[in-house]
Asks: 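One structure, pasted below without further comment.
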Amino acid sequence: MSTALVTGGSRGIGRGIVEALAAAGHKVAFTYASNHEAAAVLVRAVEAAGGAARAFPADVKDFARAKEVFAEIAAGWEPVTILVNNAGIRKDGAFHSMDPAAWQDVIDTNLGGTFHYSRAVIGDMIRRGGSIINISSVSGVIGLAGQTNYSASKAGVIGFTKALGKEVARFGIRVNAIAPGFIETDMTETIDAEVRKKLYAQIPMKRPGTVEDISKMVVYLASDAAAYITGQVLTIDGGLS
């Protein structure tokens, strides 16, 4: 099977994607920001299930490090033919009081990171073909108050996906995006129960999505079953948008 790289893969949606791709038979490398123990635990879990995983500490804002990661993966395994740009951060707040640093950090991580890793792998993919899957957000589809920086970054990921998909389709490279809605992860468990209730009320299905809802779509888009799909945004939000 193919070699995959998932950015921001040590927890939440990223961890689910790593586990799902490994279960589908792919060798899976992933980057993580700083939690060495969480990364090691995930590698052991994948290996215990019969899969193969490698962890790489990396700040997705660092383009030079992105190139190093791809070179290290290729040296130990085959070159990457599946890239999942998942790493992202949120620094929500009212726009009128938003610090410029909070704006720039979210843009540089969410949109810049997607550029860095796609740019680092694209030359090799042009020779081999491949699939790039970008994790956007429903916030980038409809815009959410208090998330101007996050919405802008994730809308940028959508535009990036559509443009790059057209540019590289002739090389056998597919580029698609997934826009999750409210997904239950370890991060969302900290939200106040009353706030969660109000959030659920806005979703036509009246419930949040699961990590598996996203990871299964990633596995599909990475597979030959999605061979004629590129430049698309698949929104998984229970009807919210």
Side-chain angles (χ1 to χ4, degrees), residues 4-22 24 26 28-33 42 58-61 66 69 80 82-92 106-121 130-144 147 149-165 173-188 208-223 226 229-238 240-241:
L5 173 64
V6 180
T7 65
S10 63
R11 66 175 187 171
I13 291 174
R15 175 175 178 138
I17 292 170
V18 169
E19 292 175 326
L21 285 170
H26 302 289
V28 188
F30 64 92
T31 68
Y32 65 97
L42 177 54
D59 181 347
V60 295
K61 293 184 290 184
V69 168
V80 170
I82 299 168
L83 170 63
V84 184
N85 286 304
N86 168 74
I89 61 170
R90 284 173 40 205
K91 292 189 175 182
D92 297 350
V106 170
I107 297 293
D108 289 347
T109 301
N110 299 356
L111 184 55
T114 298
F115 165 78
H116 289 153
Y117 278 76
S118 299
R119 176 64 180 78
V121 78
S131 176
I132 298 175
I133 302 160
N134 301 318
I135 306 302
S136 180
S137 169
V138 67
S139 184
V141 176
I142 62 175
L144 294 176
Q147 290 191 334
N149 50 1
Y150 187 74
S151 291
S153 71
K154 292 301 188 177
V157 168
I158 289 173
F160 173 87
T161 298
K162 291 177 176 292
L164 185 60
I173 305 170
R174 296 179 290 109
V175 187
N176 292 289
I178 295 173
F182 188 82
I183 306 297
E184 283 279 20
T185 66
D186 54 347
M187 293 177 68
T188 61
T210 67
V211 169
E212 289 73 23
D213 291 325
I214 309 304
S215 63
K216 288 177 181 177
M217 183 58 72
V218 169
V219 171
Y220 170 69
L221 289 174
S223 74
I229 300 175
T230 196
Q232 301 304 307
V233 182
L234 293 95
T235 304
I236 304 175
D237 67 355
L240 179 62
S241 60

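Numbering of residues begins at 1 and proceeds along the displayed sequence. It should be emphasised that the depicted structure is a prediction, and the values quoted were computed from it without experimental measurement.
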Asks: If you take all heavy atoms of Gly88 and Thr109, which pair is closest and at what distance?
Replies: CA-CG2, 4.2 Å

Asks: Could you grab the distance from atom OH of Tyr220 to atom CG of Asn176, nearest 0.5 Å is fine?
Replies: 9.5 Å

Asks: For the CG atom of Leu83 and the OH atom of Tyr117, what is their distance to the nearest 0.5 Å?
Replies: 9.5 Å

Asks: At their closest point, which heavy atom of Gly14 faces which heavy atom of Asn86, and how far apart are they?
Replies: CA-ND2, 3.4 Å

Asks: Looking only at non-hydrogen atoms, find the nearest pair between Val218 and Ile135 and report the distance.
Replies: CG2-CD1, 4.3 Å

Asks: Might you work through the side-chain contact (heavy atoms from CB on, under 4.5 Å) test for Leu42 and Glu19, ending with a clear yes or no?
Replies: CA-CA 8 Å; Leu42 177 54; Glu19 292 175 326; 3.8 Å; yes

Asks: Tell me every residue that passes salt bridge (Lys or Arg N to Asp or Glu O under 4.0 Å) with Lys61, counting only those two or more places apart in sequence or in another chain.
Replies: Asp105

Asks: If you round to the nearest 0.5 Å, how far is OG1 of Thr161 from CG of Asn134?
Replies: 4.0 Å

Asks: Write down the atom of Val138, the atom of Ser241, and the distance for their closest heavy-atom approach.
Replies: CG2-CB, 3.8 Å

Asks: To the nearest 0.5 Å, what is the distance between CD1 on Ile178 and CG on Asn85?
Replies: 11.5 Å

Asks: With a 4.5 Å cut-off on side-chain heavy atoms, are Val141 and Lys154 touching?
Replies: no

Asks: Yes or no on side-chain contact (heavy atoms from CB on, under 4.5 Å) for Val84 and Leu5, after CA distance, side-chain angles and deciding distance?
Replies: CA-CA 6 Å; Val84 184; Leu5 173 64; over 6 Å; no

Asks: Find out whether Thr210 and Ile183 are in side-chain contact, i.e. whether some heavy atom of one side chain is under 4.5 Å from a heavy atom of the other.
Replies: no

Asks: If we ignore hydrogens and angles and just use 3.5 Å, is the side chain of Thr7 paired with the main-chain N or O of Ala87 as donor and acceptor?
Replies: yes

Asks: Donor-acceptor pair, distance only, cut-off 3.5 Å: does the side chain of Ser137 make one with the backbone of Ala179?
Replies: no

Asks: Between the side chain of Thr230 and the main-chain N/O of Val175, is any donor-acceptor distance below 3.5 Å?
Replies: yes

Asks: Does the side chain of Val233 come within less than 4.5 Å of Lys162's, by heavy atoms?
Replies: yes

Asks: Within this structure, what is the CG-OH distance for the pair Asp92 and Tyr150, rounded to the nearest 0.5 Å?
Replies: 8.5 Å

Asks: Minimum heavy-atom separation for Ala58 to Val69, with atom names?
Replies: CB-CG2, 4.3 Å

Asks: Can you name the closest pair of heavy atoms from Ile107 and Asn149 and give their distance?
Replies: CD1-O, 3.8 Å

Asks: Find the distance between CZ (Arg174) and CG (Leu164) and round it off to the nearest 0.5 Å.
Replies: 13.0 Å

Asks: Do Thr114 and Ser118 touch side chain to side chain, with heavy atoms closer than 4.5 Å?
Replies: yes

